[in-house]
Amino acid sequence: MNMDSIVSLCKRRGFLFQSSEIYGGLQGFWDYGPLGVELKRNVKEAWWSDMVNGHDDMSTLSGAPSPYSMEGLDCTIIMHPQVWKCSGHYDLFHDHMVDCRETKKRYRYDQINGRWVEAKGRTIFVTAPAGEDEQEHLTKQALKFFKLRNKHIDDLKWEGPVVCLTTLENFDEVLGPDAKSLGSLTEPREFNLMFKTFVGALSGEEGAAFLRPETAQGIFVNFKNVLDSTRHRLPLGIAQIGKSFRNEITPRNFTFRSREFEQMEIEFFCHPDQSQDWYRYWRDRRLKWYHDLGISGDNLIMREHHQNELAHYSVGTADIEYAFPFMSEGEYGELEGVSHRGDFDLRSHMEGKLDEKSTDLALQLGADGKPKWKGSGKDLSYRDDLTNEKYVPHVIEPSAGADRAALAFLCEAYTEDEQPDEKGKMQTRTVMKLHPRLAPIKAAIFPLVKKDGMPEIAKEVYLDLKKHFKVFYDEKGAVGRRYRRQDEAGTPYCITVDGQTLEDQTVTIRDRDSLEQTRIKIDECESVIRNRIRQ
RNA sequence: GCGGGUGUAGCUCAAUGGCAGAGCUCCAGCCUUCCAAGCUGGUGGUGAGGGUUCGAUUCCCUUCACCCGCUCCA
């Protein structure tokens, strides 16, 4: 299977278009067409229904330590700038970069270290990426620049310690980490992975704000509000679906890495002692969700992060990954991350930005010894009114990409098989085998031929079914062609009015995948479709 | 960000420094009683901007987008 055929079908049938296509498109932005919007709505509605509104909060679900509650939330895209400073996104996504004019490489300004060195009567500042073998790299660069051999290593006279590039004011005597000539590094330039905007009519730094790079923070800052307004006890999950924005450096692979995308996130708040069990529960539950909606086990994997990949406060993080056709053999792309986040986020919004690298999650301090970013100062801890215990809840975060899920379902559904035409000759058929719950159109209604009163009956059936499902009416051309068109759109059922309908009020219903037709009464159409979708 | 490739109709692909063509699709009509049938007719295109030229889709420059590899990123 190749990705080009899928992209081509998406365009042809109206699943996905390039954004602003008539102006040449815009990198990293995609529009959903008439079929795509239905598919994506169905993905989101399946998630919301399965995770939130349809959640059984009375029972202990399989694999869960106890019953739990679920609530929803819909927060703004632009939030108080301090949210992103305390969450760590501001520091992480807001870098100063220097480019090398000679090698065209780009480096993070604060991650280049260097040292003054003198040889042959000349003093220069050699640099290297910050890291363990930086001195080795510096020596190599210096030898190369001064055209010295290894045995003349003692001719290099180092002056002062290794310091960060940020301590220099002028780069004229600086040798870039991979450069051969001096002064090739540009001035540091602001590089923003968060989209910046301005609140208020006057644009000045005081009104600077950011489009959210994730929906999660809206849930953390509203945790207390949800708790107070709903009177829930923990464990409690809060769900949100919404747009997020990241100024990705290299958007690629169709909609997989977009700059504007939609997330489906749950922050699940629980007692620290139970957090490991809840982590395992959510990991397994979320994997099963994709399976149940038709993604086969072969193409879906759970990848547990190694201990050394984890932030130290995290007990575990697992990615649910799909073998997208545009990835090479054995490679997978992330659909969802399920992580154990401890009390990191709530505490950050209470106390201020925490230092992830410190073992006790200490407050991160600025150069002046004061907290780098001040928290809200609000108490976000939870008091259990049964045990009277007070604690900052731990959080399990299943964070899914709606666009990535939609793309995975599209890729998984794309099938080419062989079916006989009217002369019995085998023909290639392209069919989108989407799960009926996800299919944009649930059923198409056709008159077998455009005469003998068949269109009139078919239109009645159509209008009646339209009250319950997204359905489609078509009377143009041969019926075989109409079936094939629906196959490409992923429509699971086709209802056909034929000669016998005129006599006994029955129609045929055709199954997309098996091509089998069964005869049912017109009155039964709605319930038959409803039952089949539910299965 | 770097290197390479591509950009012609809705799709797949031709051609040319001098009228841009085919198949499929799509639309209309006829015909048609179950899986892309047939007949007739029709719609529709050189990614954008600039330059060279009498004339550019073709040559040159810039730009945008997509694909591959690297880089980056979660």
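All figures in this text were calculated on a predicted structure; none of them were measured in a lab.
As the counterpart of rC70(B), rG1(B) is assigned, both hydrogen-bonding distances of the Watson-Crick or G-U wobble pattern falling under 3.5 Å. rC30(B): Watson-Crick or G-U partner is rG38(B), with both key distances under 3.5 Å. With a 3.5 Å ceiling on both atom-pair distances, rA9(B) lacks any Watson-Crick or G-U wobble partner. In this structure rU52(B) sits in no base pair that meets the Watson-Crick or G-U test at under 3.5 Å.
Under the side-chain contact (heavy atoms from CB on, under 4.5 Å) criterion, Lys85(A) pairs with Gln82(A), Tyr90(A), Trp373(A), sequence neighbours left out. Legend: residues meeting ring-ring contact (aromatic ring centres under 6.0 Å, His included) with Phe261(A), ordered by chain and number and at least two apart, are absent. Partners of Ser258(A) under the side-chain hydrogen bond (donor to acceptor under 3.5 Å, both in side chains) rule, at least two apart in sequence or in another chain, do not exist in this structure. Not counting sequence neighbours, the partners of Lys372(A) by the side-chain hydrogen bond (donor to acceptor under 3.5 Å, both in side chains) test are Asp91(A). Under the side-chain contact (heavy atoms from CB on, under 4.5 Å) criterion, Ile520(A) pairs with Val507(A), Ile509(A), Glu524(A), Cys525(A), Val528(A), not counting sequence neighbours. Annotation: ring-ring contact (aromatic ring centres under 6.0 Å, His included) contacts of Tyr473(A) (sequence neighbours excluded): Tyr462(A). For Glu21(A), the side-chain contact (heavy atoms from CB on, under 4.5 Å) criterion is met by Lys11(A), Gln18(A), not counting sequence neighbours. For Tyr483(A), the ring-ring contact (aromatic ring centres under 6.0 Å, His included) criterion is met by Phe446(A), not counting sequence neighbours.
For the ring pair (Phe, Tyr, Trp, His ring centres under 6.0 Å) condition, the pairs that include at least one residue of residues 7-30 of chain A, sequence neighbours left out, are Trp30(A)-Phe254(A).
The CZ-C1' distance, from Phe17(A) to rC11(B), rounds to 13 Å in whole Å. For the pair Glu416(A) CD and rA36(B) P, the computed distance is 16 Å after rounding to whole Å. One interatomic measurement links the two molecules: CZ of Arg482(A) to C1' of rA37(B), which rounds to 13 Å at whole-angstrom precision. Nucleotide rC31(B) holds its C1' atom 14 Å from the CG atom of Leu448(A), rounded to whole Å. Going from atom CG of Asp487(A) over to atom P of rU25(B) covers 15 Å, rounded to whole Å. Taking atom CD of Glu475(A) as the reference point, atom C1' of rC34(B) lies 17 Å away to the nearest angstrom. Atom P of nucleotide rA65(B) and atom CD of Glu21(A) are separated by 13 Å, given to the nearest angstrom. When the P atom of rC35(B) is taken as reference, atom CG of Asp498(A) falls 13 Å away, rounded to whole Å.
Comparing the P positions of rG42(B) and rC24(B) gives an interatomic distance of 16 Å, to the nearest angstrom. As rounded to the nearest Å, rC59(B) and rG18(B) have C1' atoms that lie 15 Å from one another. Taking atom C1' on both nucleotides, rU46(B) is separated from rU58(B) by 10 Å, rounded to a whole Å. Taking atom P in both rA20(B) and rG44(B), one finds a spacing of 14 Å when rounded to whole Å. Distance noted for atom C1' between rC54(B) and rC66(B): 36 Å (whole Å). rG55(B) and rG4(B) are spaced 32 Å apart, taking the P atom of each and rounding to whole Å. Using atom C1' as the reference point in both rC11(B) and rC30(B), the two lie 27 Å apart (nearest Å). Taking the P atom of each, rC39(B) and rU32(B) are spaced 16 Å apart, rounded to whole Å.
Within 4.0 Å (heavy atoms only), Leu515(A) reaches at least one base atom of the nucleic acid.
Glu214(A) and Ser244(A) are not linked by any side-chain donor-acceptor pair at a separation below 3.5 angstrom, with hydrogens and angles left out of the test. Side-chain contact check for Thr508(A) and Arg519(A): no donor-acceptor pair (N or O, by modelled atom type) lies under 3.5 Å.
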For nucleotides 72-74 of chain B, which of its nitrogen or oxygen atoms have a protein nitrogen or oxygen under 3.5 Å away, and what is each distance?
residue, atom, partner, partner atom, Å
rC73(B), O2, Arg257(A), NH1, 3.2
rC73(B), O2, Arg257(A), NH2, 2.7

Would you tabulate the nitrogen or oxygen pairs shorter than 3.5 Å linking the protein to nucleotides 6-10 of chain B?
none

Between protein and nucleic acid, restricted to nucleotides 66-69 of chain B and to nitrogen or oxygen atoms under 3.5 Å apart, what atom pairs and distances do you find?
residue, atom, partner, partner atom, Å
rC67(B), OP1, Phe254(A), N, 3.3
rG69(B), N7, Arg252(A), NH1, 3.4
rG69(B), O6, Arg252(A), NH2, 3.3

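Map Ile22(A) and Gly480(A) each onto its nearest nucleotide of RNA chain B; the residue landing nearer the 5' end is Gly480(A). Along RNA chain B, the nucleotide nearest to Tyr23(A) and the one nearest to Val479(A) differ in position, and the one closer to the 5' end is contacted by Val479(A).
Distances were taken from every side-chain heavy atom of Ser8(A) (C-beta onward) to each of rU12(B), rA28(B), rA36(B); the shortest belongs to rU12(B). Of the candidates rU33(B), rA36(B), rC26(B), the closest approach to any side-chain atom of Arg485(A) belongs to rC26(B). Looking at the side chain of Lys476(A), the nearest of the listed nucleotides rC35(B), rA28(B), rU33(B) is rA28(B). The side chain of Lys450(A) lies closest to rU32(B), out of rU33(B), rC26(B), rU32(B).
Under 4.0 angstrom from either OP1 or OP2 of rC26(B) there lies at least one side-chain N or O belonging to Arg481(A). Taking side-chain N and O atoms only, Arg429(A) has no distance below 4.0 Å to OP1 or OP2 of rA36(B).
Between Lys433(A) and Glu412(A) there is no salt bridge, since none of the side-chain N atoms of the basic residue sits less than 4.0 Å from a carboxylate O of the acidic one. Remark: Arg246(A) does not engage Glu260(A) in a salt bridge, criterion side-chain N to carboxylate O under 4.0 Å.
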Please lay out, stage by stage, how Asp474(A) and Arg482(A) fare under the test salt bridge (charged side-chain N to carboxylate O under 4.0 Å, His left out).
CA-CA 7 Å; Asp474(A) 193 0; Arg482(A) 286 177 259 155; 5.0 Å; no
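In the interface, the side chain of Tyr483(A) is paired with the base of rC34(B) through a donor and an acceptor atom under 3.5 Å apart.
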